[in-house]
There are 2 protein chains.
Amino acid sequence: MTLAETAYDALRHDIVRGVLAPGKPLRMAQLSERYGMGFSPLREALNRLQAERLVTSIALRGFSVAPLSMAEMWDTINTRVLIEQRALRLAMAQGGDDWETGIVSALHSLTLQSTRAAEGGADEQKLLEDRHHGFHLALIAGCGSSWLLEFFQRLYAEAERYRYPMLQQRNVEHHRDIQAEHAALAKATLARDADMACDLLAEHYLRTARFIEAQMTAAPQVQSA
Amino acid sequence: MTLAETAYDALRHDIVRGVLAPGKPLRMAQLSERYGMGFSPLREALNRLQAERLVTSIALRGFSVAPLSMAEMWDTINTRVLIEQRALRLAMAQGGDDWETGIVSALHSLTLQSTRAAEGGADEQKLLEDRHHGFHLALIAGCGSSWLLEFFQRLYAEAERYRYPMLQQRNVEHHRDIQAEHAALAKATLARDADMACDLLAEHYLRTARFIEAQMTAAPQVQSA
DNA sequence: GCAAGTCATATTTTCGAAAATAATGAAATT
DNA sequence: AATTTCATTATTTTCGAAAATATGACTTGC
């Protein structure tokens, strides 16, 4: 892997997980020390991230982490539902054995990791996040549209930026059985009940969004600068 | 404007308009001479374009123009219809005076340029393309979703790659009154007839796609390199 | 006291060369 | 004859310094 790719992965991770706060200016000298490389690979990574809207830039004034806002969160969620509902319908219409198997196996490893992460540390939590991503990807992997899959990845990353502060608050009462939601979603999808699956998917995301909004309104960690 | 931005605009234009053929390898030394700058700004531009899928790259083997294929064209068109129908409905639900005025004025300048371009040269043709882009953007500008607008821009650029060979063939009989389609679309939109406008929009794009497919099947200019 | 200009410093942007890797082709081996 | 090995060349990738620009403190004039 080239240094530019390493920088891209590291920066993307640190932005999505909130290690680098929204709005924070990204100075070349700092980044160079932090990631142990020269300016060139860093600038390439930053340009890619800018195209993905995880980073903003102003000519001759450098880069900064893209800001967050409640309005943007709702736009992200709404667009996500649009994209994934379509992808889910396509996958249900076209998906074959490999697609079905992928869903079953992704749900299974998500469920396993879900119990493990309840007790475990940050590593187990991070693995749970990967499994969660894998499950939602598996649902639509059979859709056959590279555009829908790309947009899914973009919107998933953006949504994770909002969701991450929530994931760290263990003690908060969720009043949700998220694993049950995943299981029901997988069941409806495998039964090819398109309307049901789409409803469950939308509700799954909207619940999360409403919860985040409530938490943010109470103790705003998301700021536009 | 920085050199990197200049390189981005120039490369993007040359790829979208087919000046740089699909699949063509983009060698740094060539690009450096062609655009009159060093490697650094070029690499930044190429990384941005790679994130937009107009360029592909393999580590240590450089960049090349992203290939085209009929399957990708249909995916682009279908996704475009999904995105723009949603955006159009949102715009019709929320759009205010500025949005309406924007449509009227965009349609007007498109109509003017349409007659002018029929006789004029490449410059007039290029201006017509800009007006066409401006009209379709104006229709959905009031949607209030930055994600939908970004995806619109991405898909518009990709679709133009397929449409451009068609635009250069003057003598081909289209059997279409494209200006009438635009006028009807604007009329339905301004009347806030959402179902009608969405149908007209989809039909507008599908006609073009079918036409391109017919031409390509007859004399394939689109190849996966 | 305050605005406008000026200089020193900090930062981004770009270049040109060096380092690292891939591609090519000739010689050696099976 | 086909395959492998090795050196040569071509190309990408990265670095470190130079150029260009922004930032902030300081002075000057009002």
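In the text below, chain A, chain B and the rest are named by the order of the sequence lines, each starting its count at 1. What you see is a predicted model, and the numbers here were worked out from it, not measured in a lab.
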Selection: residues 45-61 of chain A, any non-hydrogen atom under 4.0 Å of DNA chain D
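Within residues 45-61 of chain A, the residues near DNA chain D are A:L60, A:R61.
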Ring geometry between A:H204 and A:H132 (parallel below 30°, tilted from 30 to 60°, perpendicular above 60°)
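Tilted.
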Using the ring of each side chain (for Trp, its six-membered ring), is B:H136 parallel, tilted or perpendicular to B:H182, with breaks at 30° and 60°?
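Taking B:H182 first and then B:H136, their aromatic rings stand perpendicular (interplane angle over 60°).
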DNA chain D: B:A29 or A:G36, which has the more 5' nearest nucleotide?
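Residue closer to the 5' terminus by nearest nucleotide: B:A29.
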Which residue, A:M37 or B:L26, contacts DNA chain D at a nucleotide closer to its 5' end, judged by nearest heavy atom?
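The residue whose closest nucleotide sits nearer the 5' end is B:L26.
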Please report the distance, rounded to the nearest Å, between [atom1] in [X] and [atom2] in [N].
{"X": "A:M28", "N": "D:dA19", "atom1": "CE", "atom2": "P", "result": "20 Å"}
{"X": "A:F39", "N": "D:dA17", "atom1": "CZ", "atom2": "C1'", "result": "11 Å"}
{"X": "A:E5", "N": "D:dT12", "atom1": "CD", "atom2": "C1'", "result": "12 Å"}

Does B:R53 pair with B:E158 as a salt bridge, N-O distance under 4.0 Å?
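Salt bridge flag = no for B:E158 with B:R53.
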Taking the side chain as C-beta and beyond, is there a heavy-atom pair between A:Q153 and A:H133 under 4.5 Å?
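Yes - at least one pair of side-chain heavy atoms lies under 4.5 Å apart.
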Would you kindly check if the NZ (Lys) or CZ (Arg) of B:R80 is within the cone defined by 45 degrees around the ring axis of A:W147 and under 6.0 Å from the six-membered ring centre?
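No; the conditions do not both hold, so B:R80 does not lie above the ring face of A:W147.
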Strictly below 4.0 Å: does A:R43 bring a side-chain N or O up to OP1 or OP2 of C:dT12?
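No, no such contact exists.
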